[in-house]
Amino acid sequence: AKTEERNTLRFYTPMMHANTSRRLLLASELRQALVREEFRLVYQPSIEMRTGRIVAVEALVRWQHPDRGEVLPSEFIPVAESLGLIRRIDEWVMQAACAQIEAWDMAGMPPVRVAVNVSARGFGHAAFVDGVSRALQRRRVPPGRLMLEITESAMLRMGDDTERTMRALHTLGLEVAIDDFGTGYSSMAYLKLPAVAYLKIDRSFVSGLPESADDVAIIEAMLAMSRSLGLKTIAEGIETEAQHEFLLRAGCAEGQGYLYSYPLAASAIERLMSPRSYH
Ligand code: C2E
Ligand code: CA
Ligand code: CA
Ligand code: CA
(Lines give C-alpha, C1' and ligand atoms only; values in the text may rest on other atoms or scores of the structure.)
(Ligands and ions follow the chains in the order given, each with its own letter.)
Protein backbone atom coordinates (compact mmCIF):
# COMPACT_ATOMS: atom_id res chain seq x y z
CA ALA A 1 0.00 0.00 0.00
CA LYS A 2 2.89 2.30 0.83
CA THR A 3 4.53 1.95 -2.58
CA GLU A 4 1.18 2.29 -4.26
CA GLU A 5 0.64 5.54 -2.44
CA ARG A 6 4.05 6.85 -3.46
CA ASN A 7 3.52 5.85 -7.07
CA THR A 8 0.12 7.44 -7.10
CA LEU A 9 1.52 10.66 -5.76
CA ARG A 10 4.42 10.73 -8.16
CA PHE A 11 2.09 10.00 -11.03
CA TYR A 12 -0.60 12.53 -10.22
CA THR A 13 1.26 15.52 -8.83
CA PRO A 14 2.43 17.01 -12.16
CA MET A 15 -1.04 16.63 -13.63
CA MET A 16 -2.74 18.15 -10.64
CA HIS A 17 -0.25 20.97 -10.76
CA ALA A 18 -0.93 21.58 -14.44
CA ASN A 19 -4.66 21.67 -13.80
CA THR A 20 -4.29 23.99 -10.85
CA SER A 21 -2.12 26.48 -12.68
CA ARG A 22 -4.41 26.43 -15.69
CA ARG A 23 -7.31 27.16 -13.37
CA LEU A 24 -5.39 30.02 -11.76
CA LEU A 25 -4.60 31.46 -15.17
CA LEU A 26 -8.20 31.13 -16.28
CA ALA A 27 -9.27 32.82 -13.08
CA SER A 28 -7.29 35.99 -13.68
CA GLU A 29 -8.29 36.04 -17.32
CA LEU A 30 -11.95 35.47 -16.59
CA ARG A 31 -12.32 38.88 -14.92
CA GLN A 32 -10.83 40.55 -17.98
CA ALA A 33 -13.02 38.46 -20.27
CA LEU A 34 -16.11 39.99 -18.68
CA VAL A 35 -14.80 43.51 -19.21
CA ARG A 36 -13.64 42.82 -22.76
CA GLU A 37 -16.81 40.91 -23.66
CA GLU A 38 -15.02 37.82 -24.89
CA PHE A 39 -18.13 35.69 -24.51
CA ARG A 40 -20.56 34.71 -27.21
CA LEU A 41 -23.64 32.58 -27.43
CA VAL A 42 -24.26 29.62 -29.68
CA TYR A 43 -27.73 28.15 -30.09
CA GLN A 44 -28.74 24.51 -30.27
CA PRO A 45 -32.12 23.78 -31.87
CA SER A 46 -34.75 21.77 -30.05
CA ILE A 47 -37.13 19.96 -32.39
CA GLU A 48 -40.69 18.76 -32.10
CA MET A 49 -40.26 14.99 -32.36
CA ARG A 50 -43.42 14.37 -34.39
CA THR A 51 -42.70 16.92 -37.11
CA GLY A 52 -38.99 17.66 -36.98
CA ARG A 53 -39.86 21.34 -36.75
CA ILE A 54 -37.53 23.62 -34.76
CA VAL A 55 -39.60 24.93 -31.86
CA ALA A 56 -36.87 26.28 -29.60
CA VAL A 57 -33.17 26.99 -29.29
CA GLU A 58 -30.97 26.71 -26.22
CA ALA A 59 -28.37 29.43 -25.69
CA LEU A 60 -24.98 27.99 -24.70
CA VAL A 61 -22.13 30.26 -23.70
CA ARG A 62 -18.65 30.13 -25.25
CA TRP A 63 -15.54 32.01 -24.21
CA GLN A 64 -13.60 33.22 -27.21
CA HIS A 65 -10.18 33.43 -25.60
CA PRO A 66 -7.65 35.65 -27.44
CA ASP A 67 -4.90 32.97 -27.48
CA ARG A 68 -6.51 29.73 -26.32
CA GLY A 69 -9.38 29.84 -28.80
CA GLU A 70 -12.79 28.60 -27.75
CA VAL A 71 -13.08 27.57 -24.10
CA LEU A 72 -16.08 25.39 -23.21
CA PRO A 73 -18.36 26.11 -20.25
CA SER A 74 -17.41 22.82 -18.55
CA GLU A 75 -13.98 24.36 -18.07
CA PHE A 76 -14.72 27.96 -17.08
CA ILE A 77 -18.14 27.79 -15.38
CA PRO A 78 -16.73 25.94 -12.32
CA VAL A 79 -13.91 28.52 -12.13
CA ALA A 80 -16.42 31.36 -12.40
CA GLU A 81 -18.47 29.74 -9.63
CA SER A 82 -15.54 29.49 -7.26
CA LEU A 83 -14.55 33.11 -7.96
CA GLY A 84 -18.05 34.48 -7.44
CA LEU A 85 -18.21 35.64 -11.08
CA ILE A 86 -20.98 33.31 -12.17
CA ARG A 87 -23.79 35.77 -11.57
CA ARG A 88 -22.10 38.31 -13.83
CA ILE A 89 -21.81 35.69 -16.56
CA ASP A 90 -25.46 34.69 -16.09
CA GLU A 91 -26.43 38.34 -16.38
CA TRP A 92 -24.39 38.78 -19.56
CA VAL A 93 -25.99 35.65 -21.04
CA MET A 94 -29.50 36.85 -20.15
CA GLN A 95 -28.96 40.24 -21.76
CA ALA A 96 -27.28 38.78 -24.85
CA ALA A 97 -30.12 36.28 -25.31
CA CYS A 98 -32.77 39.02 -25.01
CA ALA A 99 -30.87 41.18 -27.51
CA GLN A 100 -30.77 38.22 -29.90
CA ILE A 101 -34.50 37.59 -29.55
CA GLU A 102 -35.15 41.23 -30.36
CA ALA A 103 -32.86 41.06 -33.41
CA TRP A 104 -34.49 37.84 -34.65
CA ASP A 105 -37.97 39.33 -34.21
CA MET A 106 -36.99 42.44 -36.15
CA ALA A 107 -35.60 40.24 -38.93
CA GLY A 108 -38.97 38.48 -39.12
CA MET A 109 -37.74 35.08 -38.00
CA PRO A 110 -40.42 32.65 -36.76
CA PRO A 111 -40.78 33.20 -33.00
CA VAL A 112 -39.09 30.23 -31.37
CA ARG A 113 -38.67 29.80 -27.64
CA VAL A 114 -35.18 30.68 -26.42
CA ALA A 115 -33.82 28.76 -23.43
CA VAL A 116 -31.17 30.19 -21.13
CA ASN A 117 -29.21 28.21 -18.54
CA VAL A 118 -29.17 29.72 -15.07
CA SER A 119 -26.62 28.83 -12.39
CA ALA A 120 -27.69 27.72 -8.92
CA ARG A 121 -26.13 30.84 -7.42
CA GLY A 122 -27.93 33.11 -9.87
CA PHE A 123 -31.30 31.48 -9.37
CA GLY A 124 -30.98 31.55 -5.61
CA HIS A 125 -30.12 35.25 -5.46
CA ALA A 126 -32.71 37.70 -4.15
CA ALA A 127 -32.28 40.02 -7.17
CA PHE A 128 -32.68 37.26 -9.75
CA VAL A 129 -36.28 37.80 -10.82
CA ASP A 130 -35.78 41.58 -11.05
CA GLY A 131 -32.74 41.09 -13.26
CA VAL A 132 -34.66 38.83 -15.64
CA SER A 133 -37.58 41.22 -15.72
CA ARG A 134 -35.32 44.18 -16.54
CA ALA A 135 -33.50 42.28 -19.31
CA LEU A 136 -36.86 41.41 -20.90
CA GLN A 137 -38.20 44.95 -20.64
CA ARG A 138 -35.09 46.57 -22.06
CA ARG A 139 -35.52 44.60 -25.30
CA ARG A 140 -39.31 44.43 -25.14
CA VAL A 141 -39.17 40.64 -25.23
CA PRO A 142 -42.48 38.88 -24.41
CA PRO A 143 -41.74 36.74 -21.31
CA GLY A 144 -43.22 33.65 -22.97
CA ARG A 145 -40.36 33.63 -25.47
CA LEU A 146 -37.74 33.07 -22.81
CA MET A 147 -37.40 29.79 -20.95
CA LEU A 148 -35.09 29.29 -18.00
CA GLU A 149 -33.22 26.01 -17.54
CA ILE A 150 -32.37 25.15 -13.97
CA THR A 151 -30.62 21.95 -13.03
CA GLU A 152 -32.17 19.54 -10.62
CA SER A 153 -29.17 19.87 -8.31
CA ALA A 154 -29.53 23.67 -8.30
CA MET A 155 -33.10 23.26 -7.06
CA LEU A 156 -31.83 21.14 -4.22
CA ARG A 157 -29.47 23.85 -3.02
CA MET A 158 -32.10 26.55 -2.87
CA GLY A 159 -34.48 25.55 -0.11
CA ASP A 160 -37.14 27.94 1.15
CA ASP A 161 -36.89 30.66 -1.48
CA THR A 162 -37.56 28.24 -4.32
CA GLU A 163 -41.31 28.50 -4.21
CA ARG A 164 -41.32 32.30 -3.94
CA THR A 165 -38.96 32.64 -6.92
CA MET A 166 -40.98 30.21 -9.02
CA ARG A 167 -44.20 32.03 -8.18
CA ALA A 168 -42.64 35.36 -9.20
CA LEU A 169 -41.40 33.91 -12.49
CA HIS A 170 -44.81 32.41 -13.14
CA THR A 171 -46.45 35.79 -12.48
CA LEU A 172 -44.05 37.37 -14.97
CA GLY A 173 -45.14 34.79 -17.56
CA LEU A 174 -41.93 32.78 -17.69
CA GLU A 175 -41.61 29.02 -17.94
CA VAL A 176 -38.90 26.90 -16.36
CA ALA A 177 -37.35 23.60 -17.42
CA ILE A 178 -35.78 21.23 -14.93
CA ASP A 179 -32.44 20.49 -16.61
CA ASP A 180 -30.41 17.27 -16.40
CA PHE A 181 -33.43 15.56 -14.91
CA GLY A 182 -32.65 12.30 -13.17
CA THR A 183 -29.13 13.23 -12.06
CA GLY A 184 -29.89 15.34 -9.01
CA TYR A 185 -30.89 12.71 -6.44
CA SER A 186 -33.38 15.15 -4.98
CA SER A 187 -37.02 15.10 -4.05
CA MET A 188 -39.52 15.50 -6.84
CA ALA A 189 -41.72 18.00 -5.01
CA TYR A 190 -40.42 20.84 -7.16
CA LEU A 191 -42.09 19.34 -10.24
CA LYS A 192 -45.34 20.77 -8.87
CA LEU A 193 -44.03 24.32 -8.45
CA PRO A 194 -45.59 27.13 -10.49
CA ALA A 195 -43.62 28.05 -13.65
CA VAL A 196 -42.14 24.55 -13.97
CA ALA A 197 -43.46 23.44 -17.36
CA TYR A 198 -40.71 21.31 -18.88
CA LEU A 199 -38.56 18.43 -17.84
CA LYS A 200 -35.29 17.81 -19.69
CA ILE A 201 -34.16 14.20 -19.60
CA ASP A 202 -30.41 14.04 -19.11
CA ARG A 203 -28.19 12.77 -21.88
CA SER A 204 -26.83 9.99 -19.64
CA PHE A 205 -30.19 8.15 -19.93
CA VAL A 206 -30.61 8.82 -23.65
CA SER A 207 -27.18 7.48 -24.56
CA GLY A 208 -28.13 3.94 -23.47
CA LEU A 209 -31.19 3.82 -25.72
CA PRO A 210 -32.57 1.59 -27.09
CA GLU A 211 -30.34 -1.31 -25.94
CA SER A 212 -30.13 -0.67 -22.21
CA ALA A 213 -33.18 -2.14 -20.49
CA ASP A 214 -32.46 0.03 -17.43
CA ASP A 215 -32.40 3.28 -19.42
CA VAL A 216 -35.55 2.24 -21.28
CA ALA A 217 -37.31 1.63 -17.96
CA ILE A 218 -36.11 4.91 -16.45
CA ILE A 219 -37.09 6.97 -19.48
CA GLU A 220 -40.51 5.36 -19.74
CA ALA A 221 -41.10 6.10 -16.06
CA MET A 222 -39.98 9.73 -16.50
CA LEU A 223 -42.29 10.20 -19.49
CA ALA A 224 -45.25 8.66 -17.64
CA MET A 225 -44.69 10.88 -14.61
CA SER A 226 -44.19 13.94 -16.75
CA ARG A 227 -47.42 13.24 -18.64
CA SER A 228 -49.49 12.79 -15.51
CA LEU A 229 -48.13 16.05 -14.06
CA GLY A 230 -48.93 17.92 -17.28
CA LEU A 231 -45.28 18.69 -18.03
CA LYS A 232 -43.69 18.66 -21.45
CA THR A 233 -40.60 16.54 -21.96
CA ILE A 234 -37.41 17.34 -23.83
CA ALA A 235 -34.77 14.65 -24.31
CA GLU A 236 -31.20 15.90 -24.67
CA GLY A 237 -28.17 14.35 -26.32
CA ILE A 238 -29.99 12.46 -29.10
CA GLU A 239 -27.27 11.20 -31.43
CA THR A 240 -28.79 8.29 -33.35
CA GLU A 241 -31.87 7.49 -35.46
CA ALA A 242 -32.63 4.60 -33.10
CA GLN A 243 -32.74 6.97 -30.11
CA HIS A 244 -35.00 9.32 -32.07
CA GLU A 245 -37.35 6.47 -33.04
CA PHE A 246 -37.55 5.16 -29.50
CA LEU A 247 -38.29 8.56 -27.94
CA LEU A 248 -40.84 9.45 -30.61
CA ARG A 249 -42.68 6.20 -30.04
CA ALA A 250 -42.47 6.58 -26.25
CA GLY A 251 -44.21 9.95 -26.55
CA CYS A 252 -41.40 12.39 -25.82
CA ALA A 253 -42.47 15.81 -27.16
CA GLU A 254 -39.14 17.46 -27.98
CA GLY A 255 -35.58 16.44 -28.68
CA GLN A 256 -32.19 18.00 -28.86
CA GLY A 257 -28.89 16.54 -29.96
CA TYR A 258 -26.18 16.23 -32.55
CA LEU A 259 -28.52 14.05 -34.68
CA TYR A 260 -30.51 17.21 -35.51
CA SER A 261 -27.96 19.93 -35.01
CA TYR A 262 -24.84 21.01 -33.17
CA PRO A 263 -24.99 24.32 -31.33
CA LEU A 264 -24.74 27.02 -34.03
CA ALA A 265 -23.97 30.71 -34.38
CA ALA A 266 -27.02 33.00 -34.49
CA SER A 267 -26.56 33.60 -38.23
CA ALA A 268 -26.67 29.86 -38.94
CA ILE A 269 -29.89 29.56 -36.90
CA GLU A 270 -31.38 32.31 -39.09
CA ARG A 271 -30.50 30.37 -42.23
CA LEU A 272 -32.03 27.18 -40.77
CA MET A 273 -35.22 29.03 -39.88
CA SER A 274 -35.63 30.97 -43.09
CA PRO A 275 -38.41 29.65 -45.38
CA ARG A 276 -36.00 29.56 -48.29
CA SER A 277 -34.00 26.78 -46.66
CA TYR A 278 -36.99 24.44 -47.10
CA HIS A 279 -36.68 24.35 -50.94
P1 C2E B 1 -26.47 21.45 -20.51
O2 C2E B 1 -27.34 22.60 -20.12
O3 C2E B 1 -26.94 20.08 -20.17
O4 C2E B 1 -26.24 21.62 -22.08
C5 C2E B 1 -26.15 20.55 -22.99
C6 C2E B 1 -24.71 20.26 -23.37
O7 C2E B 1 -24.68 19.06 -24.16
C8 C2E B 1 -24.08 21.34 -24.25
O9 C2E B 1 -22.67 21.37 -23.94
C10 C2E B 1 -24.29 20.80 -25.66
O11 C2E B 1 -23.38 21.30 -26.61
C12 C2E B 1 -24.08 19.32 -25.41
N13 C2E B 1 -24.77 18.48 -26.38
C14 C2E B 1 -25.89 18.78 -27.09
N15 C2E B 1 -26.26 17.75 -27.87
C16 C2E B 1 -25.37 16.76 -27.64
C17 C2E B 1 -25.23 15.41 -28.16
O18 C2E B 1 -26.00 14.93 -28.99
N19 C2E B 1 -24.18 14.69 -27.69
C20 C2E B 1 -23.29 15.18 -26.77
N21 C2E B 1 -22.29 14.40 -26.38
N22 C2E B 1 -23.40 16.43 -26.26
C23 C2E B 1 -24.43 17.21 -26.70
P24 C2E B 1 -21.93 22.73 -23.59
O25 C2E B 1 -22.38 23.83 -24.51
O26 C2E B 1 -20.48 22.43 -23.54
O27 C2E B 1 -22.47 23.09 -22.14
C28 C2E B 1 -22.15 22.28 -21.05
C29 C2E B 1 -22.87 22.75 -19.79
O30 C2E B 1 -22.41 24.05 -19.38
C31 C2E B 1 -24.37 22.92 -20.00
O32 C2E B 1 -24.99 21.65 -19.88
C33 C2E B 1 -24.72 23.87 -18.87
O34 C2E B 1 -24.86 23.19 -17.65
C35 C2E B 1 -23.48 24.75 -18.81
N36 C2E B 1 -23.74 26.00 -19.56
C37 C2E B 1 -23.69 26.21 -20.88
N38 C2E B 1 -24.01 27.48 -21.19
C39 C2E B 1 -24.29 28.10 -20.01
C40 C2E B 1 -24.69 29.44 -19.64
O41 C2E B 1 -24.89 30.34 -20.48
N42 C2E B 1 -24.86 29.70 -18.31
C43 C2E B 1 -24.69 28.73 -17.36
N44 C2E B 1 -24.88 29.06 -16.06
N45 C2E B 1 -24.31 27.47 -17.66
C46 C2E B 1 -24.12 27.15 -18.97
CA1 CA C 1 -29.36 23.23 -20.42
CA1 CA D 1 -29.18 19.65 -19.97
CA1 CA E 1 -26.88 17.46 -19.44
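In this text, all values refer to a predicted model and were calculated from it rather than measured experimentally.
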Checklist entry - In this structure, are over 12 heavy atoms from other groups packed under 6.0 Å from R40 atom CZ? => result yes
Checklist entry - Has R139 got more than 12 heavy atoms of other residues, nucleotides or ligands less than 6.0 Å from its CZ? => result yes
Item to check | Short side-chain donor-acceptor distance under 3.5 Å, T51 and E48 | outcome: yes
Checklist outcome for this item: On a heavy-atom basis, the closest approach of L41 and A97 is CD1-N, 3.7 Å
Checklist entry - Within the distance-only criterion (no hydrogens, no angle test), does the side chain of S133 pair as donor or acceptor with the backbone N or O of V129 below 3.5 angstrom? => result no
Item to check | Exercise: identify the closest heavy-atom pair between D180 and T183 | outcome: O-OG1, 2.7 Å
Item to check | Test salt bridge (Lys or Arg N to Asp or Glu O under 4.0 Å) applied to E149 and K200, step by step | outcome: CA-CA 9 Å; E149 296 197 2; K200 285 190 88 169; 2.8 Å; yes
Item to check | Distance-minimising heavy-atom pair for A266 and Q100 | outcome: CB-OE1, 3.3 Å
Next on the checklist: Quiz question: by atom type and distance under 3.5 Å, do the side chains of W63 and E70 form a donor-acceptor pair?
Outcome noted: no
Item to check | S228 side chain vs A224 backbone, donor-acceptor pair below 3.5 Å | outcome: yes
Checklist entry - Could you go step by step and tell me if Q44 and Y258 meet the side chain to side chain contact (heavy atoms under 4.5 Å, CB included) rule? => result CA-CA 9 Å; Q44 185 177 34; Y258 296 163; 4.0 Å; yes
Item to check | From CA spacing to verdict: salt bridge (Lys or Arg N to Asp or Glu O under 4.0 Å), D90, R87 | outcome: CA-CA 5 Å; D90 276 1; R87 285 190 53 233; over 6 Å; no
Item to check | Closest non-hydrogen atom pair between F76 and V61, with its separation | outcome: CZ-CG1, 3.7 Å
Item to check | Atom pair CG (D130) and NE2 (H125), whose distance is rounded to the nearest 0.5 Å | outcome: 11.0 Å
Checklist entry - What are the two closest non-hydrogen atoms of R62 and P73, and how far apart are they? => result NH1-CD, 3.4 Å
Next on the checklist: As a quick check of understanding, evaluate salt bridge (Lys or Arg N to Asp or Glu O under 4.0 Å) for E29 and R68, giving each step before the final call.
Outcome noted: CA-CA 11 Å; E29 292 169 344; R68 292 173 208 270; 3.2 Å; yes
Next on the checklist: Counting neighbours of NE2 on H65 that are heavy atoms of other residues, nucleotides or ligands and sit closer than 6.0 Å, is the number greater than 12?
Outcome noted: yes
Distance-only check: which donor-acceptor pairs under 3.5 Å involve side-chain atoms of residues 242-255, not counting sequence neighbours?
{"from": "Q243", "atom 1": "OE1", "to": "E239", "atom 2": "N", "distance (Å)": "2.8"}
{"from": "Q243", "atom 1": "OE1", "to": "T240", "atom 2": "N", "distance (Å)": "3.2"}
{"from": "Q243", "atom 1": "NE2", "to": "V206", "atom 2": "O", "distance (Å)": "3.3"}
{"from": "H244", "atom 1": "ND1", "to": "Y260", "atom 2": "OH", "distance (Å)": "2.7"}
{"from": "E245", "atom 1": "OE1", "to": "R249", "atom 2": "NH2", "distance (Å)": "3.3"}
{"from": "E254", "atom 1": "OE1", "to": "S46", "atom 2": "OG", "distance (Å)": "2.9"}
{"from": "E254", "atom 1": "OE1", "to": "R113", "atom 2": "NH2", "distance (Å)": "3.2"}
{"from": "E254", "atom 1": "OE2", "to": "R113", "atom 2": "NH1", "distance (Å)": "2.9"}

Checklist entry - Going through the distances and angles, do F39 and Q64 end up as a side chain to side chain contact (heavy atoms under 4.5 Å, CB included)? => result CA-CA 6 Å; F39 298 105; Q64 215 57 51; over 6 Å; no
Next on the checklist: Tell me whether Q256 contacts the main-chain N or O of A235 through its side chain, where contact means a donor paired with an acceptor under 3.5 Å.
Outcome noted: no
Checklist entry - How far apart are the closest heavy atoms of S212 and D215, and which atoms are they? => result OG-N, 3.0 Å
